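Report on the structure given below.
Since we're looking at a predicted model, the values are computed, not measured.
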Amino acid sequence: MKLLLDFLPILMFFAVFKYGEGHKEWAAAFASEHLGFMVSGGVVGPNEAPVLLATVVVVVATLAQVAWLLVRRQKVHAMLWVSLALVTVLGAATVWFHSDTFIKWKPTGLYWVMGLAFWVSQTFFRKNLVQALMGGQFELPPGVWQRLNFAWIAFFGLMGLLNLYVAYSFDTDTWVNFKLFGITGLMLVFMVAQGLYLGKHLKDDSAEAGSVPKDAA
C-alpha cells in the first residue's frame, strides 16, 4: 500500500498527460472551462492543456497522499513534505504561466534537496542519514556507511542533472516517459547495486563471525 501511494501521483500524471495528448481539443476545452480562473488569460491552448491538466492532478494527488497519512495518524516523511511544497509551487507556476518548464524542475529540485540534506547532515552534524535510516537492520563498518551516504549524494546530484538534460533536450512527451520509466528504472538499478554492495560486506562480516580463532582450536 505504501509503495502504491508513493507512485500514485507519478502514475496519475503519466495517465492524464497521455490521455490529454491523445485528445488535445477536449483537453483544451476542459482546462479552459474548469481551470480558466487559474490561468493567465483564462484560455488554455491544445498544446499546453495536457501538461496543465496532469500538473493539477499531480498536485491534488500529492495533497491527498499527505492528507491520507495525517488522517491515519501516520508519519509524513520529510521527503514527502518537500515533494508537496515543490509540486504545489512549481505546479501553480506551470498552470498560471502556461509553461511546463516549472513542473519539469520538480524532480531536480527534489533530488537536489535530498542530496543536500544528506551532505549537510554528514558534513556539519556528523550524522549519516543512510545509517540513521538503515542502521537498525544492518551492522556495517563506519567506512561502509560513509561510502553509502556519499553514493546517495552523488546519485541524487546526477539524477537532478539528468532530469534537466532530458527536459531541455527533448519534447515534453519524452520527458514524461523518462519521468515514469527512466527515473524508476535507474532508481531500481541503483538499489540493486546498493544491495549487492551491502551483501558483500554482510557476507564478509558473517564469515568473520563464524570463523574459529586459532587460539580456541
Side-chain angles (χ1 to χ4, degrees), residues 1-74 76-114 159-160 162-185 187:
M1 178 61 72
K2 184 180 184 302
L3 185 63
L4 177 62
L5 285 175
D6 289 342
F7 276 95
L8 186 60
I10 299 175
L11 292 172
M12 293 182 69
F13 183 92
F14 179 84
V16 172
F17 176 83
K18 289 297 184 180
Y19 186 82
E21 276 286 285
H23 305 80
K24 287 187 175 182
E25 295 301 328
W26 170 86
F30 183 88
S32 297
E33 180 180 354
H34 298 283
L35 304 177
F37 68 97
M38 301 170 57
V39 180
S40 175
V43 179
V44 180
N47 291 326
E48 61 206 34
V51 73
L52 262 64
L53 288 176
T55 297
V56 171
V57 167
V58 79
V59 171
V60 173
T62 307
L63 284 169
Q65 184 180 8
V66 172
W68 171 259
L69 292 173
L70 292 176
V71 168
R72 294 175 61 86
R73 297 186 178 180
Q74 296 182 8
V76 180
H77 293 286
M79 184 177 71
L80 183 53
W81 283 118
V82 172
S83 180
L84 175 62
L86 286 171
V87 78
T88 301
V89 173
L90 296 177
T94 293
V95 173
W96 177 255
F97 291 107
H98 301 234
S99 175
D100 57 12
T101 299
F102 297 100
I103 199 63
K104 287 180 178 179
W105 267 87
K106 187 262 179 181
T108 293
L110 181 61
Y111 285 130
W112 284 356
V113 167
M114 292 169 63
M159 287 298 292
L162 182 58
N163 175 69
L164 291 182
Y165 171 75
V166 174
Y168 284 100
S169 301
F170 302 94
D171 58 18
T172 301
D173 186 61
T174 301
W175 175 77
V176 170
N177 290 331
F178 169 76
K179 188 172 183 290
L180 177 61
F181 301 109
I183 289 180
T184 303
M187 179 67 77

Taking all atoms of both residues into account, what is the closest heavy-atom pair of W112 and G160, and its distance?
NE1-CA, 3.5 Å
Donor-acceptor pairs are to be reported for all side-chain atoms of residues 175-185 against protein atoms at under 3.5 Å, with residues two or more places apart or in another chain.
from	atom 1	to	atom 2	distance (Å)
W175	NE1	N163	OD1	2.9
N177	OD1	K18	NZ	3.0
N177	ND2	D173	O	3.3
T184	OG1	L180	O	2.5

Heavy-atom side-chain contact between M159 and P107 under 4.5 Å:
no
Could you give the side-chain donor-acceptor pairs of residues 79-89 under 3.5 Å, partners two or more places apart or in another chain?
from	atom 1	to	atom 2	distance (Å)
W81	NE1	V76	O	3.3
S83	OG	K106	NZ	3.0
T88	OG1	L84	O	2.7

Minimum side-chain heavy-atom gap V58-F17 below 4.5 Å:
no
Pairs of donor and acceptor atoms involving the side chains of residues 25-44, under 3.5 Å and at least two apart or interchain, shall be tabulated with distances.
from	atom 1	to	atom 2	distance (Å)
S32	OG	A28	O	2.8
S32	OG	V44	N	2.9
S32	OG	V44	O	3.3

For a quick test of reading the model, state the closest non-hydrogen atom pair linking I103 to T94 and the distance between them.
N-OG1, 2.9 Å
Contacts of F102 meeting ring pair (Phe, Tyr, Trp, His ring centres under 6.0 Å) (sequence neighbours excluded), chain-then-number -> F97
I would like to know whether Y19 and L53 meet side chain to side chain contact (heavy atoms under 4.5 Å, CB included); could you show each step before the answer?
CA-CA 10 Å; Y19 186 82; L53 288 176; over 6 Å; no
Before you tell me yes or no, could you show the steps for K104 and V166 under side chain to side chain contact (heavy atoms under 4.5 Å, CB included), namely the whole-Å CA-CA distance, both residues' side-chain angles and the distance that decides it to 0.1 Å?
CA-CA 9 Å; K104 287 180 178 179; V166 174; over 6 Å; no
Sole residue of V56, V59, L90 in side chain to side chain contact (heavy atoms under 4.5 Å, CB included) with V95:
V56
Measuring from T108:OG1 to L162:CG, what's the distance to the nearest 0.5 Å?
8.5 Å
Do N47 and K24 come within less than 4.5 Å of each other through their side chains, counting heavy atoms only?
yes
Among residues at least two apart in sequence or on other chains, which ones pass side-chain contact (heavy atoms from CB on, under 4.5 Å) with R72?
W68, Q74
Looking at residues at least two apart in the chain, or sitting in another chain, which of them share a side chain to side chain donor-acceptor pair (under 3.5 Å) with E48?
H98
